[in-house]
Amino acid sequence: FAIALITLLPPVALAKKEPSSTSALAFHDLWRKLWEDHITWTRMVIIGSFDDLAGNDAYKTRLIQNYVDMEDALEPYYGDEAEEIGDLILEHLLIAVEILDAAEAGNTAALDDAKTRWYDNGHEIAEFMSGMNPEFWPVSMGDPMWIEHLDATFNEAVAHLTNDFAGDVSAYDQVVDLAMEMADFFSDGVIQQFPHSFSGRKCVLGSGRSEGDDDDGDEDDDGDDDDQ
């Protein structure tokens, strides 16, 4: 009878355990570094592809490493979903390489096809992020950010290909600004979704934190914050 009763009982949903506390500032800086890597190695591949540099294969390899690093940064908080978004970011990077190859070859059909898939992929990333973190990564914010990132990166590539070097520099400056905004979108979203996993949140997020949340990652609010 006891065995039958246990069999009939519904499974108990276990609350997701948040990772142990880490510095919010360190996490913020990690995402700045990840997005610096993202745009730096994309730029190196742009230059390497169009200027036929001998090191371009090494540049491409280092660029692809970026999706692994982003995936690893998200895994403690999102588990298997981190791998799924990592796969989408990998696709983003691989399509970017396709775009450069098609542009260099003057293959307009291949370029248009790759560019369409690139923007579709950006929208898919924004939607997936919204599913992971609906409150702090809403698609209404993420989608325009990905479009801006793709627009600026494409403009950078076109400027370099056409020897518009002043335009190339200007486009890359915009790429940098947008990448830093994207980095903060990623890190702030995680910190806000998992507040008790981060100490020193106030120095990153400012005063806009949940009522009753102290800054040291504990559930109490005794004022003993780590950032004091």
Side-chain angles (χ1 to χ4, degrees), residues 30-53 55-71 73-74 85-130 137 139-187 189:
L30 169 63
W31 277 98
R32 286 283 181 115
K33 173 63 164 61
L34 291 173
W35 273 94
E36 283 180 10
D37 288 347
H38 187 95
I39 61 174
T40 297
W41 293 107
T42 296
R43 180 159 182 77
M44 290 302 300
V45 173
I46 289 171
I47 295 171
S49 296
F50 294 157
D51 295 356
D52 197 25
L53 299 184
N56 202 36
D57 285 344
Y59 306 153
K60 289 179 181 179
T61 298
R62 180 59 183 85
L63 174 62
I64 297 304
Q65 176 64 34
N66 182 246
Y67 97 89
V68 178
D69 296 338
M70 288 189 174
E71 191 176 293
L74 292 173
I85 194 171
D87 290 344
L88 291 172
I89 294 171
L90 171 60
E91 185 180 356
H92 161 74
L93 297 173
L94 292 176
I95 296 173
V97 173
E98 283 187 54
I99 288 173
L100 297 177
D101 290 344
E104 183 185 22
N107 189 335
T108 304
L111 175 61
D112 290 344
D113 174 71
K115 191 176 177 184
T116 297
R117 288 185 286 111
W118 203 36
Y119 279 83
D120 288 345
N121 166 262
H123 178 66
E124 191 174 357
I125 294 173
E127 285 195 321
F128 193 82
M129 289 179 67
S130 182
W137 286 344
V139 70
S140 61
M141 292 179 64
D143 206 28
M145 293 178 75
W146 278 99
I147 291 171
E148 287 180 329
H149 170 62
L150 300 182
D151 285 347
T153 303
F154 188 77
N155 291 339
E156 175 193 358
V158 169
H160 193 85
L161 178 62
T162 59
N163 295 327
D164 176 10
F165 299 119
D168 185 8
V169 170
S170 177
Y172 184 66
D173 282 342
Q174 184 183 21
V175 166
V176 172
D177 291 342
L178 294 171
M180 294 304 96
E181 290 177 11
M182 186 76 86
D184 293 350
F185 182 61
F186 269 80
S187 61

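Side-chain contact between K115 and L150 is absent, with no heavy atoms from C-beta onward closer than 4.5 Å. Residues E71 and V68 fail the side-chain proximity criterion, which asks for heavy atoms closer than 4.5 Å. V45 is not listed as a side-chain neighbour of R62, based on a closest heavy-atom distance of 4.5 Å or more.
Considering all non-hydrogen atoms of both residues, A73 and L34 come closest at CB-CD1, 3.9 Å. For the residue pair W35 and A183, the shortest heavy atom distance occurs at CD1-CA, 3.6 Å. Considering every non-hydrogen atom in both T42 and T153, the closest pair reads CG2-CG2, 3.9 Å.
Remark: D87 CG to Y67 OH distance equals 6.5 Å, nearest 0.5 Å. Rounded to the nearest 0.5 Å, atoms CG (L94) and CD (E98) are 7.5 Å apart. Annotation: the span from E104 atom CD to L111 atom CG amounts to 12.5 Å, rounded to 0.5 Å. Between the CG atom of N107 and the CG atom of D112 there is a distance of 9.0 Å, given to the nearest 0.5 Å. Atom CD of E181 sits about 5.5 Å away from atom CE of M145, to the nearest 0.5 Å.
When ring centroids are compared, Y119 and W146 stay outside the 6.0 Å threshold.
Using a 30° and 60° split on the angle between ring planes, H92 and W118 fall in the parallel class, below 30°.
Panel note: side chain N155, backbone D151; a donor-acceptor pair is recorded below 3.5 Å.
A donor-acceptor pair shorter than 3.5 Å can be found between the side chains of S49 and N56. Neither side chain, H160 nor E156, offers a donor N or O lying under 3.5 Å from an acceptor on the other.
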